[in-house]
Amino acid sequence: MNVFGVDIGGSGIKGAPVDLERGALAEERYKVLTPQPATPDGVAGCVVEVVEHFGWTGPVGVTFPGVVTGSTVRTAANVDKSWIDVDAGALLGERLGGRPVTVLNDADAAGTAEMTYGAGRGRGGTVILLTLGTGIGSALFVDGRLVPNTELGHLELKGHDAETRASTKAKEDEDLTWEHWAKRRLTKYLAHVEMLFSPELFIIGGGVSRKADRFLPLIEGIRAEIVPAELQNNAGIVGAGMTAGAG
């Protein structure tokens, strides 16, 4: 069974049909740049472009980089603030001609995919997926059950939002070496999260997971096991598709 997933990010919006049997993309994903400013109208237009690129006419699952309750957006750290209190499901459903649309937090979608098909499959206890990109998204699981909308990228770290110190964007913006970023930024962030939640497993997702060999071996002093996401940067699309399929 194929369903459609769209992953809205701070820098790009990507989507594809998802094969739920395999937990993988059924076709090569299509990506467009996130409009700046990333207003509801602008982002909705991009979502329509991604979906119509494939001629898809069925239900659509969509991730959003912020807290989502029901289908209403409650926070918007890396997109335009005008998203707050918008019913994203209703907006996108209308723009997509009345198709059923399910909306959820982006990291929660990625985590759900990893727990079902990827690095977290079959794992009990406390598992935390962190998506490193424009910001830091998080998905917290206890014995396989999701605790939604944790947003651990906004924990305070040295007087700053953690994601402004330890995200991939922070590494790029400050031109940090892999060693500096991994040892002085990411390790300190992981230690802080570990102190709060004592997970058995960290799964590191986002686009940077493709380069896990460049930084994961540099992280020391963390008791939890740390592994890269197996679905890498497609996890959000797969998780969005899973949610649409479940609906």
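With hydrogens and angles ignored, the 3.5 Å screen pairs a side-chain donor or acceptor of Lys81 with a backbone N or O of Ala76. Looking only at distances, no side-chain donor or acceptor of Asn234 sits under 3.5 Å from a matching main-chain atom of Ala24. Side-chain atoms of Asp143 come within 3.5 Å of backbone N or O of Gly125 as a donor-acceptor pair. Judged by distance alone, the side chain of Arg22 and the main-chain N or O of Asp19 form no donor-acceptor pair under 3.5 Å. Counting only distance, with no hydrogens or angles, the side chain of Arg185 and the backbone of Arg165 share a donor-acceptor pair below 3.5 Å. A donor-acceptor pair under 3.5 Å links the side-chain atoms of Glu114 to the main chain of Ala119, judged by distance alone. Under a 3.5 Å cut-off, the side chain of Arg121 and the backbone N or O of Tyr117 do form a donor-acceptor pair. Between the Thr112 side chain and the Gly239 main chain, no donor and acceptor come within less than 3.5 Å of each other. A donor-acceptor pair under 3.5 Å is formed between the side chain of Trp181 and the backbone N or O of Ser167.
Between Thr134 and Thr34, every side-chain heavy-atom pair lies at or beyond the 4.5 Å cut-off. Here the side chains of Val6 and Ile13 are in contact, with some heavy-atom distance below 4.5 Å. Residues His180 and Glu174 are not in side-chain contact: their nearest non-hydrogen atoms beyond the backbone lie 4.5 Å or more apart. Looking at heavy atoms from C-beta onward, Ile136 lies out of side-chain contact with Leu152 at the 4.5 angstrom threshold. Annotation: side chain of Val79 is in contact with side chain of Pro65 (closest heavy-atom distance under 4.5 Å). Residues Asn233 and Arg29 meet the side-chain proximity criterion, which asks for heavy atoms closer than 4.5 Å. Counting only heavy atoms from C-beta outward, the side chains of Val43 and Pro35 approach each other to under 4.5 Å. Proximity of Phe141 to Leu201: side-chain heavy atoms (C-beta onward) are nowhere separated by under 4.5 Å.
Heavy-atom minimum distance, Ala240 versus Val62: CB-N, 4.0 Å. Considering all non-hydrogen atoms of both residues, Ser71 and Ala90 come closest at OG-N, 4.5 Å. Of all the heavy atoms in Glu163 and Asn78, the pair that sits closest is OE2-ND2, 3.5 Å.
Leu25 and Tyr30 are not part of a single hydrophobic cluster, where members link through side-chain heavy atoms under 4.5 Å apart. Side-chain heavy atoms closer than 4.5 Å link hydrophobic residues (I, L, V, M, F, W, Y) into clusters, and following such links, even through other members, never connects Leu231 to Leu129. One hydrophobic cluster, built from ILVMFWY side chains closer than 4.5 Å, cannot hold both Val3 and Phe54; they sit in different ones. By the rule that hydrophobic residues join a cluster once side-chain heavy atoms approach within less than 4.5 Å of another member, Val47 and Leu33 end up as members of separate clusters. Follow the hydrophobic side-chain contacts under 4.5 Å out from Val193 and you never reach Val127; the two are in separate clusters.
The NE2 atom of His192 sits 6.5 Å away from the CG atom of Leu157 when rounded to the nearest 0.5 Å. We find the OG1-CD distance between Thr126 and Glu194 to be 11.5 Å, quoted to the nearest 0.5 Å. Here Leu146 contributes atom CG and Asp108 contributes atom CG; the two are 4.5 Å apart, rounded to the nearest 0.5 Å. Atom CD of Glu52 and atom CG of Leu96 lie 7.0 Å apart (nearest 0.5 Å). Summarising the geometry, atom CG belonging to Leu130 is positioned 10.0 Å from atom CG belonging to Leu140; distances are rounded to the nearest 0.5 Å. To the nearest 0.5 Å, atoms OG (Ser138) and NE2 (His154) are separated by 8.5 Å.
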Legend entry - Criterion side-chain contact (heavy atoms from CB on, under 4.5 Å) on Leu104 and Val68, from CA distance to verdict: CA-CA 6 Å; Leu104 74 163; Val68 179; 5.5 Å; no
Inset, instruction - In sequence, state the C-alpha distance, the side-chain angles, and the governing distance for Leu20 and Met242, and then conclude on side-chain contact (heavy atoms from CB on, under 4.5 Å). - result: CA-CA 7 Å; Leu20 293 184; Met242 290 174 64; 3.9 Å; yes
Inset, instruction - Determine, step by step, whether Leu186 and Leu132 satisfy the side-chain contact (heavy atoms from CB on, under 4.5 Å) criterion, reporting the C-alpha distance in whole Å, the side-chain angles of both residues, the deciding distance to 0.1 Å, and the verdict. - result: CA-CA 10 Å; Leu186 188 55; Leu132 307 179; 4.0 Å; yes
Legend entry - Steps toward side-chain contact (heavy atoms from CB on, under 4.5 Å) verdict (Arg74, Asp85): CA-CA 6 Å; Arg74 300 302 184 192; Asp85 293 330; 3.2 Å; yes
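A 6.0 Å sphere centred on CZ of Arg145 holds no more than 12 heavy atoms belonging to other residues, nucleotides or ligands. Crowding of Glu94 atom CD: a count of heavy atoms from other residues, nucleotides or ligands under 6.0 Å not exceeding 12.
Residues Asp7 and Thr63 have side chains that bring a donor and an acceptor to within less than 3.5 angstrom of each other. For Asn105 and Glu151, the side-chain atoms include at least one donor-acceptor pair closer than 3.5 Å. Side-chain contact of Ser82 with Thr39: a donor-acceptor pair under 3.5 Å is absent, judged by distance alone.
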Could you go through residues 202-226 and list every donor-acceptor pair under 3.5 Å that involves a side-chain atom there, pairing it with any protein atom two or more places apart or in another chain?
{"residue": "Ser209", "atom": "OG", "partner": "Gly206", "partner atom": "O", "Å": "2.6"}
{"residue": "Glu225", "atom": "OE1", "partner": "Arg123", "partner atom": "NH1", "Å": "3.1"}
{"residue": "Glu225", "atom": "OE1", "partner": "Arg123", "partner atom": "NH2", "Å": "3.3"}

